[in-house]
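To start, the structure under review is shown below, and the notes come after it.
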Amino acid sequence: MDFTYLLEWVNLLLRWVHVIVAIAWIGSSFYFVFLDNSLTKPESDELKAKGVDGELWAVHGGGFYNPQKYLVAPKTLPEHLHWFFWESYSTWLTGFALFAVLYLFNARTFLIDTQVYAWSSPGLAVAAALAFLVVFWVVYDLICRLVGERSVGGKNGMVGGDALVGVLVLVYIVAASWAACQLFAGRAAFLMVGAMIATAMSANVFFWIIPGQKTVIAQMKAGQPVDAIHGQRAKQRSVHNTYFTLPVLISMLSNHYGWLYQGPNNWAVLVLLMLAGALIRHSFVVRHKALVQGKRVPWEYAAVGTVLLLGLAVWMAPPPQPKVAAGAPVPTLAEVKAVMDQRCALCHNAQVQQKNVALHTPELVKQHAQAIYQQSVVLKLMPMNNSTQITDAERSLIQRWFEGGAPTAGAAP
């Protein structure tokens, strides 16, 4: 069985599992942030005596639910305790496996763009890509511990510590986005920035959130006073994670839209997309608390994020295509085949059939006309990283041929 075919199956199954577990992780993150910000103080003396700090009544699926949150920890440890961590670990593991299969094992094709940066070897590019994931976590964690740690629980009276952490992390993400787009192919750079943030999210769970919860349980079992700092740290990192979700999602989706990452200022495009996502997410985070407190929902953050997206769309809008003169002939199949021979047949021929597509004969070009149009004109994903230097004029020629009915002769059928 052909190795490329097997690799496609691995790609499909990994992507499927990755999306499933990511939905579970992000869904639980969204739910618990909503829960935390929607709790009301209990009125029952019984609940207060138990140490309940907040509760929520909800209806869903034909039943009523009454989740309760305890201040620091309950007085007695329940027998059955559900842990939320496999969603995070599974998302990262499947995502990294997918990144390895698609980019690291095919670094020369997908990771490296010699027009952006001429790496001396694929191995060096792979090492740098892995370093992005590790270094971002190290720097982010240092920012949280050296700056944000003092604001946990209001320690040392540092006002605005969380805001300062946000600003520093934003500055670092901007710098990392710029660096990635100077070193790697645009498609890989966008995905890599998302992967480095996602790595920090999962590392938050692995190094801080779960260990903090385990420490609280160990203190309870040992009959020791429970230190509230562990829960406060976990909450802080959990809140960071929920703000990271929409930026990570847009960076992961971006590789399907070549016009996003192929421009000269692609790093700015990525930063603005992620910033818009974080602002929109902020509106929904504070919305829950505002509704409980009877305050106005600050939708202006989402409005700013939406304006950023609209501004980005206007900024990136391609110039209008010149109108074809009335009665002008539609390009011939032979003209399109000449473009295919020069720009596409290197990877799509009788010997090498990337994505199981071959374009070395006129019949095959005609057969794959729809895919050629979508990949090279609409999405501008092909040629990969524009490695064969297809021109805008050649893309326009393909467009006019396809929109004219993809004829085999010089005129539309």
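Note that the structure is predicted; figures quoted are calculated from it, not measured.
Counting only heavy atoms from C-beta outward, the side chains of Val216 and Gln213 never approach each other to under 4.5 Å. The shortest side-chain heavy-atom distance between Leu249 and Ile26 falls under the 4.5 Å cut-off. No side-chain heavy atom of Val286 sits less than 4.5 Å from a side-chain heavy atom of Asn37. Looking at heavy atoms from C-beta onward, Tyr140 lies in side-chain contact with Phe244 at the 4.5 angstrom threshold. Counting only heavy atoms from C-beta outward, the side chains of Val165 and His240 approach each other to under 4.5 Å. At least one side-chain heavy atom of Leu130 sits less than 4.5 Å from a side-chain heavy atom of Leu104. Between Tyr65 and Val59, the closest side-chain pair of non-hydrogen atoms is not below 4.5 Å. The shortest distance between side-chain heavy atoms of His82 and His80 does not fall below 4.5 Å.
Atoms CD and CE, from Gln374 and Met382 in turn, are 12.0 Å apart once rounded to the nearest 0.5 Å. To the nearest 0.5 Å, atom CD of residue Glu335 and atom CZ of residue Arg400 are 8.0 Å apart. Here the straight-line distance linking atom CD1 of Ile250 with atom CE of Met252 works out to 11.5 Å at 0.5 Å rounding. Taking CD of Gln370 as the start and CD of Gln375 as the end, the distance is 10.5 Å to the nearest 0.5 Å. The CD atom of Gln236 sits 10.0 Å away from the CD1 atom of Ile209 when rounded to the nearest 0.5 Å. Summarising the geometry, atom CH2 belonging to Trp119 is positioned 5.0 Å from atom CG belonging to Leu124; distances are rounded to the nearest 0.5 Å.
Judged by distance alone, the side chain of Ser396 and the main-chain N or O of Asp392 form no donor-acceptor pair under 3.5 Å. With hydrogens and angles ignored, the 3.5 Å screen pairs a side-chain donor or acceptor of Ser28 with a backbone N or O of Ala24. Asp141 places no side-chain N or O within donor-acceptor distance of the main-chain N or O of Trp137, the cut-off being under 3.5 Å. Side-chain N or O atoms of Thr94 include one that pairs as donor or acceptor with a backbone N or O of Thr91 at under 3.5 Å. Using modelled atom types, one side-chain atom of Asn66 and one backbone atom of Leu56 make a donor-acceptor pair closer than 3.5 Å. In this structure a side-chain-to-backbone donor-acceptor pair under 3.5 Å is present from Thr245 to Thr242.
More than 12 heavy-atom neighbours from other residues, nucleotides or ligands sit within 6.0 angstrom of CH2 on Trp83. Around atom NE2 of His256, more than 12 heavy atoms belonging to other residues, nucleotides or ligands sit under 6.0 Å away. Counted within 6.0 Å of CG on Leu346, heavy atoms from surrounding residues, nucleotides or ligands total 12 or fewer; the atom is thus considered open. The environment of CZ in Phe85 is crowded: more than 12 heavy-atom neighbours from other residues, nucleotides or ligands sit within 6.0 Å.
Judged by distance alone, the side chains of Arg237 and Asn241 never bring a donor and an acceptor atom under 3.5 Å apart. Using a 3.5 Å distance cut-off with no hydrogens or angles, the side chains of Gln219 and Asp227 do not pair a donor with an acceptor.
Residues Lys41 and Asp53 are paired through a salt bridge, judged by an N-O separation under 4.0 Å between the basic side chain and the carboxylate.
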- Message: Glu394 vs Arg343, test: salt bridge (Lys or Arg N to Asp or Glu O under 4.0 Å). Steps then yes/no.
- Response: CA-CA 10 Å; Glu394 289 167 334; Arg343 309 300 187 188; 2.9 Å; yes

- Take Asp36 and Lys235 through the test salt bridge (Lys or Arg N to Asp or Glu O under 4.0 Å) and record every step on the way to the result. CA-CA 10 Å; Asp36 260 347; Lys235 173 68 183 301; 3.7 Å; yes

- Item | Chi angles and distances behind the side-chain contact (heavy atoms from CB on, under 4.5 Å) call for Val377, Glu403 | CA-CA 11 Å; Val377 177; Glu403 293 179 354; over 6 Å; no

- Message: Run Met384 and Arg187 through side-chain contact (heavy atoms from CB on, under 4.5 Å) and show every step you take.
- Response: CA-CA 9 Å; Met384 179 64 68; Arg187 180 183 182 185; 2.9 Å; yes

- Task: Using the side-chain contact (heavy atoms from CB on, under 4.5 Å) rule, take Tyr243 and Val285 through it: C-alpha gap first, then chi angles, then the decisive distance, then the call.
- Result: CA-CA 9 Å; Tyr243 281 99; Val285 169; 3.8 Å; yes

- Under the side-chain contact (heavy atoms from CB on, under 4.5 Å) rule, what do Tyr103 and Met192 come out as? Steps first, then yes or no, please. CA-CA 10 Å; Tyr103 290 89; Met192 193 180 306; over 6 Å; no

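Relative to the ring axis of Tyr373, Arg395 does not place its NZ or CZ within 45° and under 6.0 Å from the centre.
Across all their heavy atoms, Ile390 and Asn386 have their closest contact at N-OD1, 2.9 Å. Here the closest non-hydrogen pair linking Leu359 and Met340 is CD1-SD, 3.9 Å. Residues His18 and Val21 come closest through the heavy atom pair O-CG2, 3.4 Å. Between Pro331 and Trp401, the shortest heavy-atom contact is O-CD1, 3.1 Å. Contact between Pro383 and Thr388 at its shortest, heavy atoms only, is CG-OG1, 3.2 Å. Contact between Gly405 and Lys366 at its shortest, heavy atoms only, is O-NZ, 3.7 Å.
For Trp92 and Tyr89, the ring centers are positioned 6.0 Å apart or more. Aromatic ring centres of Trp25 and Phe84 lie farther apart than the 6.0 Å criterion allows. For Phe284 and His282, the ring centers sit 6.0 Å or farther from each other. Centroid-to-centroid, the aromatic rings of Phe34 and Phe30 stay 6.0 Å apart or farther.
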Just list the side-chain donor-acceptor pairs under 3.5 Å for residues 172-185, sequence neighbours left out, or say none.
residue: Ser177; atom: OG; partner: Ile173; partner atom: O; Å: 2.8
residue: Gln182; atom: NE2; partner: Trp178; partner atom: O; Å: 3.3

Determine all donor-acceptor pairs shorter than 3.5 Å in which one atom belongs to a side chain in residues 257-276; sequence neighbours excluded.
residue: Gln262; atom: NE2; partner: Lys380; partner atom: O; Å: 2.4
residue: Asn266; atom: ND2; partner: Tyr261; partner atom: O; Å: 3.0

Please set out all donor-acceptor pairs under 3.5 angstrom arising from side-chain atoms of residues 298-319, sequence neighbours excluded.
residue: Glu300; atom: OE1; partner: Arg296; partner atom: NH1; Å: 3.0
residue: Glu300; atom: OE2; partner: Arg296; partner atom: NH2; Å: 3.2
residue: Thr306; atom: OG1; partner: Ala302; partner atom: O; Å: 2.8

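Every side chain to side chain donor-acceptor pair (under 3.5 Å) that Ser202 has, sequence neighbours left out, goes to Ser88. Residues passing the salt bridge (Lys or Arg N to Asp or Glu O under 4.0 Å) test with Lys221: none are found, sequence neighbours excluded. In this view, Tyr70 and Lys50, Val52, Gln68, Pro74 satisfy the side-chain contact (heavy atoms from CB on, under 4.5 Å) rule, not counting sequence neighbours.
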